[in-house]
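Here is the structure we will look at.
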Amino acid sequence: MEEFQGPPEPGRHITSEIRSLALKQRKWWISVFFFVFLILAGDSLVMLLLNFYYVQNNRSENDQDQQYRGTWTQALLQNVAFPILIPLFFILPKPETVSDQTNTRHPPFLSVLLLYLSLGVLVSVYSKLYALARLYVGWGILVPAQLILTSLFSAFINRLKFNRWIIISIIFTLAADFFCAPAFSGTPTEDESYTYGIKAWLILIFPTLAFSLSLSLTQLGFEKVLAKTKRYGGNNKKVFRMVLEMQIFVSFVATLICLVGLFASGEFNELKGDSERFKKGRTYYSLSLVGLALSWQVWSVGLLGLVLLVSGLFADVVHMCASPVVALLVVLAFDFKDDDGFGWQRRGALLGSVLALACYFYYLHKTKKKEMAELNKRENNNNNSEEA
Ligand SMILES: Nc1nc2[nH]cnc2c(=O)[nH]1
């Protein structure tokens, strides 16, 4: 049924604003849940495939030095599958560009280039060091340290205002991750005292710094650089195409750096031996690498999507909250003898993650409700002043 297009009624403009805000909010929630799902799915697939890879790789038969190698390959895998996103980037509808005659400034091409280059370097650094840190340090320390740094960067770089719900959510996440590390078959077989030397601490600090800093800088880049590009229709629009563009260019830079590392370190020559050692044979070796590379892209798109729509801190909280779920899936998929299965500690951590996410979602729900209430209040004021 067509709507009657009569003369404007009092408050009509605001009523349509309320309707469009409600629609916008609904779309926003659907996108947030979609990106949360991508992070959880990506994290789970990556950890399952990594465990499969290391179990098949017969690591324990290698000498100790050899067990710490392969990290450039892992770093490359984290970034290299970005070309699968290119068709999706072109399929998605292009937002209308804005031609602003009054603005004589150059399009921020250089700022965008600089943003992608610096983020690409940071991503390559954290990919390489994260692969190393998984071998040297262990999850229980790496992950909580990272969330603390992300909170600090969010406060200072992104001027995020912390409130009680965000703080409770962070505390639950920290507790969940401290007590729940998913089992990881890549851990080298040697005495534990070795893993906490000064080298291990440096390997803990740098990837967490690079990862947390990249989240805050990505958020800043979306807000201050990309949202202002006319290519995205101006008006600070936040669209999925932005996530894909950022992911494609940043991963391209990171891939180049990881390729240089792979060849310069001579690790490339070890790939043949790796594939021959793989228990299930070369086909499964190749499939596990392809699967890992694709899973990392799923994870990255989810992460960037949440940075764009909510914040770097929220993206990190969701990423961290995935670990108890991942731990459960690893227990179900593998029969690791040295592991205590999904005991009370891991069950508690899963509950902690659920509570952490619930608190953050409650806070987001409150902010969206407040936006709507403010618009409703404006409409009431408008109606009252027109009646008077
Ligand atoms: N440093 C770091 N790198 C990552 N790459 C994927 N996840 C992580 C993470 O949690 N920390």
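For this chain, numbers begin at 1 and follow the sequence in order. Just so you know, these numbers come straight off a predicted model, no measurement behind them. Indexing begins at 1, ligand by ligand and atom by atom, following the structure's order.
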Could you give the side-chain donor-acceptor pairs of residues 351-373 under 3.5 Å, partners two or more places apart or in another chain?
residue	atom	partner	partner atom	Å
Ser353	OG	Cys321	O	3.2
Ser353	OG	Ala349	O	3.4
Thr367	OG1	Tyr363	O	3.3
Thr367	OG1	Leu364	O	2.6
Glu371	OE1	Gln25	NE2	3.2

To the nearest 0.1 Å, how far is [atom] from its closest protein heavy atom, and which atom is that?
atom                    : result
atom 1 (N) of ligand 1  : Pro207 O, 3.2 Å
atom 2 (C) of ligand 1  : Tyr130 CD1, 3.3 Å
atom 11 (N) of ligand 1 : Gln146 OE1, 2.7 Å
atom 5 (N) of ligand 1  : Gln78 NE2, 3.0 Å

Query raised in the report: Is any side-chain heavy atom of Ser154 closer than 4.5 Å to a side-chain heavy atom of Thr150?
Result: yes

Using distance alone, determine whether [X] and ligand 1 share an N or O pair under 3.5 Å.
X      : answer
Trp299 : no
Thr208 : no
Trp296 : no
Met320 : no

Requested in this report: Evaluate whether atom CZ of Phe249 has more than 12 neighbouring non-hydrogen atoms of other residues, nucleotides or ligands under 6.0 angstrom away.
Outcome: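 Atom CZ in Phe249 is not packed in, count stays at 12 or less.
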
Report task. Could you walk me through whether Ser151 and Phe162 pass the side chain to side chain contact (heavy atoms under 4.5 Å, CB included) test, one step at a time? Result -> CA-CA 9 Å; Ser151 308; Phe162 286 81; 4.0 Å; yes

Query raised in the report: Is the distance between the ring centroids of Phe35 and Phe314 less than 6.0 Å?
Result: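 Not close enough - the centres of the two rings lie 6.0 Å or further apart.
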
Query raised in the report: Do the ring centers of Phe211 and His319 come within less than 6.0 Å of each other?
Result: yes

Query raised in the report: Should the pair Arg241 and Phe89 be classed as cation-pi, given the thresholds of under 6.0 Å to the six-membered ring centre and 45° from the axis?
Result: yes

Query raised in the report: Which of the atoms of ligand 1 are close to His319, meaning less than 4.0 Å from one of its heavy atoms?
Result: 7 (N), 8 (C), 9 (C), 10 (O)

